[in-house]
Asks: 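Once you've had a glance at the structure underneath, I'll fire off some questions.
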Protein chains: 2
Amino acid sequence: MNEDWTKHIAADLPATARNGDQQIVDMIRQAVLTQRLPPGTRLPEVTLGNIFGVSRSVVRKALTRLVADHIIVQHPNQVARIAAPDIVETREIFAARRLVEGEIASLLAGKLTQTQRQKLASIIDEEQLAHRQGNEAKRVECSLAVHRYLADQSPNRVLGVMLTDLILRTSIVIALYKRAGMQACYLDHDHANLLQLLENGPADEACRRMRAHLSALEALLDLRAQETHIDLASILGVPGGASASI
Amino acid sequence: MNEDWTKHIAADLPATARNGDQQIVDMIRQAVLTQRLPPGTRLPEVTLGNIFGVSRSVVRKALTRLVADHIIVQHPNQVARIAAPDIVETREIFAARRLVEGEIASLLAGKLTQTQRQKLASIIDEEQLAHRQGNEAKRVECSLAVHRYLADQSPNRVLGVMLTDLILRTSIVIALYKRAGMQACYLDHDHANLLQLLENGPADEACRRMRAHLSALEALLDLRAQETHIDLASILGVPGGASASI
DNA sequence: AAAACAAACATTGTATACAGTAGAGGAACA
DNA sequence: TGTTCCTCTACTGTATACAATGTTTGTTTT
């Protein structure tokens, strides 16, 4: 299996030499957000250990934490992999995110500080610029930055970390289910409108707007029922045969 | 420091001999729920290892998972402890739980299966019986069971696990902030009323009811501002002195 | 007696060794 | 050709050793 994503990972952050496992967690999170680490990617412990120059103990701790975040999945005696949620879970992730991020928008609405206003405005400006210039990677990065900033600034920290997790999981399912030739999830002036409502609008209106934004995002994905549960018997024409599904 | 809670822990579950770390996680979770493991309790790795007959490796993994769940806190090179959230975080936990459990009530309202109806009714019956008999421990256990069952049965699994976590954290803060002589958080027929609304009522009414129930629970706690930020200068009567706070 | 220092102890952080399991490849067989 | 079995390799699960850090205790100093 091709494992040259390792180069991409090591390219990040200037070796801040933190607790070791925190560094690995951060790097993998970042790589997942920017879709350099696609769902299903194998993450062998020794490989990661070599990349970051630590032993399996440290890698193991990092993986355990990422499993808790639902970023990766681990089955006994098998290599850890980047999670690949099915369609049902994808819908659940979006529903949960609408609930949480809608509430955060509601909490923030009409209460933005000057700093927050400016920061959001600058991110959104940069996003629109990147879009006009056709710089897709940059645009996605800015789009993520908007939501991550809201999570960071949530007055309720508990909801804030929940949203941080959900944003990560959303990145994964977008990588999984984005339509082939789509304009990778760009929703024209949604973020600008959102900012307007966060500045002035009533709280419930900001909430509704946020939920609508996320629903629009979800609608851009290809979430038609997959070909799981293939009934061999029915396909092969055995009339009363026991249905064996894969 | 007194560490004889170890006996209580080992008393549980008939050594199901699971993955090892899963067993530790389950036991500690259970002990926290039933308040046998009060906030701030020290959890040295070797001690846990001896109790469960495993080495530090697997204890370590269990602790890492519990840290991710916000059940315990770990500072570098110091023993892990059961978390002890401050008042601000406590309020945030309740707010988050109102949001999530309210939504789950909403999703469930009017859609309960026969099995779910019966299960909930039987738990609530048992709870009221325990209350009449003055069996406080049993009553708390049943009360928890109601909410845990709702988390289990959440149609949205993502929200379900979120609620499971929040219930655990709620147990911790109740242990921390319950008023001295209080009738440990009993809200007369709240659960029975709730069940009624889950069976018939409109979804938004069930949601509002759930949120009110949780607010009532929070109101039973003693969440007055603690004596943090003690301003020594003002207490000691130094008029213009630099305020040194502990 | 209060404060500062130092040594002994308790506990965590990391690496490594060994055992056990899953999966890939190839040989034997029908 | 296709199937079964086996071995070999890659990987994870657990225990343990050693280093590094925090904490406590006792002793000295003022």
Side-chain angles (χ1 to χ4, degrees), chain A residues 1-6 9 15-28 37 40-69 71-84 232 236 244 246, chain B residues 1-6 9 15-28 37 40-69 71-84 232 236 244 246:
Chain A
M1 176 150 300
N2 191 1
E3 273 172 6
D4 62 1
W5 51 266
T6 56
I9 274 194
T16 42
R18 304 241 282 298
N19 272 351
D21 69 293
Q22 181 66 41
Q23 190 189 354
I24 300 181
V25 169
D26 287 346
M27 292 256 191
I28 292 186
L37 225 44
T41 308
R42 288 162 47 93
L43 300 169
E45 297 175 359
V46 287
T47 307
L48 290 174
N50 291 337
I51 296 173
F52 293 98
V54 294
S55 88
R56 280 182 54 214
S57 317
V58 180
V59 174
R60 216 137 213 292
K61 179 167 181 181
L63 291 182
T64 301
R65 291 179 54 186
L66 291 166
V67 167
D69 288 348
I71 304 301
I72 71 180
V73 290
Q74 244 178 344
H75 295 105
N77 297 313
Q78 293 179 217
V79 289
R81 295 171 173 277
I82 302 290
L232 282 186
L236 299 181
I246 301 182
Chain B
M1 179 148 303
N2 191 0
E3 272 171 7
D4 62 2
W5 51 265
T6 56
I9 273 196
T16 42
R18 304 240 284 296
N19 273 353
D21 70 292
Q22 182 66 41
Q23 190 190 353
I24 301 181
V25 169
D26 287 347
M27 293 257 190
I28 292 186
L37 226 44
T41 308
R42 288 161 47 95
L43 301 168
E45 297 175 359
V46 287
T47 308
L48 291 173
N50 291 337
I51 296 173
F52 294 99
V54 294
S55 90
R56 280 182 55 213
S57 313
V58 342
V59 173
R60 216 135 212 293
K61 178 167 180 178
L63 291 182
T64 301
R65 291 179 53 187
L66 291 166
V67 167
D69 288 347
I71 304 302
I72 71 180
V73 290
Q74 244 178 345
H75 295 104
N77 296 313
Q78 292 180 217
V79 289
R81 294 170 174 276
I82 303 290
L232 283 187
L236 299 182
I246 302 183

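Basis for what follows: all heavy atoms, side chains included, without hydrogens, waters or symmetry-related copies. Throughout, protein chains are lettered first and strands after them, A, B, ... in sequence-line order, and every chain is numbered starting at 1.
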Asks: In whole angstrom, what separates Q22(A)'s CD from dT14(C)'s C1'?
Replies: 17 Å

Asks: What is the distance, rounded to the nearest whole Å, between atom CD of Q74(A) and atom C1' of dC11(D)?
Replies: 12 Å

Asks: Hey, are the side chains of V59(B) and I24(B) touching, using non-hydrogen atoms and a 4.5 Å cut-off?
Replies: yes

Asks: With a 4.5 Å heavy-atom cut-off, do L63(B) and L48(B) have their side chains touching?
Replies: yes

Asks: If you measure only the distance, is there a donor-acceptor pair under 3.5 Å linking the side chains of R65(A) and Q22(A)?
Replies: yes

Asks: Atom CZ of F52(A) to atom P of dT14(C): distance rounded to whole Å?
Replies: 15 Å

Asks: When I82(A) is tested against each of V73(A), L66(A), T41(A) for side chain to side chain contact (heavy atoms under 4.5 Å, CB included), which residue passes?
Replies: T41(A)

Asks: Could you give the CZ-to-P distance, from R42(A) to dA24(C), as a whole number of Å?
Replies: 9 Å

Asks: N/O contacts under 3.5 Å, protein versus nucleotides 15-22 of chain D?
Replies:
{"residue": "dA15(D)", "atom": "OP2", "partner": "S55(B)", "partner atom": "N", "Å": "2.7"}
{"residue": "dA15(D)", "atom": "OP2", "partner": "S55(B)", "partner atom": "OG", "Å": "3.0"}
{"residue": "dA15(D)", "atom": "N7", "partner": "S57(B)", "partner atom": "OG", "Å": "2.4"}
{"residue": "dT21(D)", "atom": "O3'", "partner": "N77(B)", "partner atom": "ND2", "Å": "3.3"}

Asks: Rounded to whole Å, please give me the gap between CG in L63(A) and P in dT12(D).
Replies: 8 Å

Asks: Just how far, in rounded Å, is P of dA10(D) from CG of N50(A)?
Replies: 14 Å

Asks: Could you state the CZ-C1' distance from R81(B) to dT11(C), rounded to the nearest angstrom?
Replies: 12 Å

Asks: List the residues meeting side-chain contact (heavy atoms from CB on, under 4.5 Å) with A68(B), not counting sequence neighbours, and say none if there are none.
Replies: A68(A)

Asks: To the nearest Å, give me how far apart NE2 (H75(B)) and P (dA10(C)) are.
Replies: 24 Å

Asks: Got R81(B) and L43(B) here, is their nearest side-chain heavy-atom distance under 4.5 Å?
Replies: no

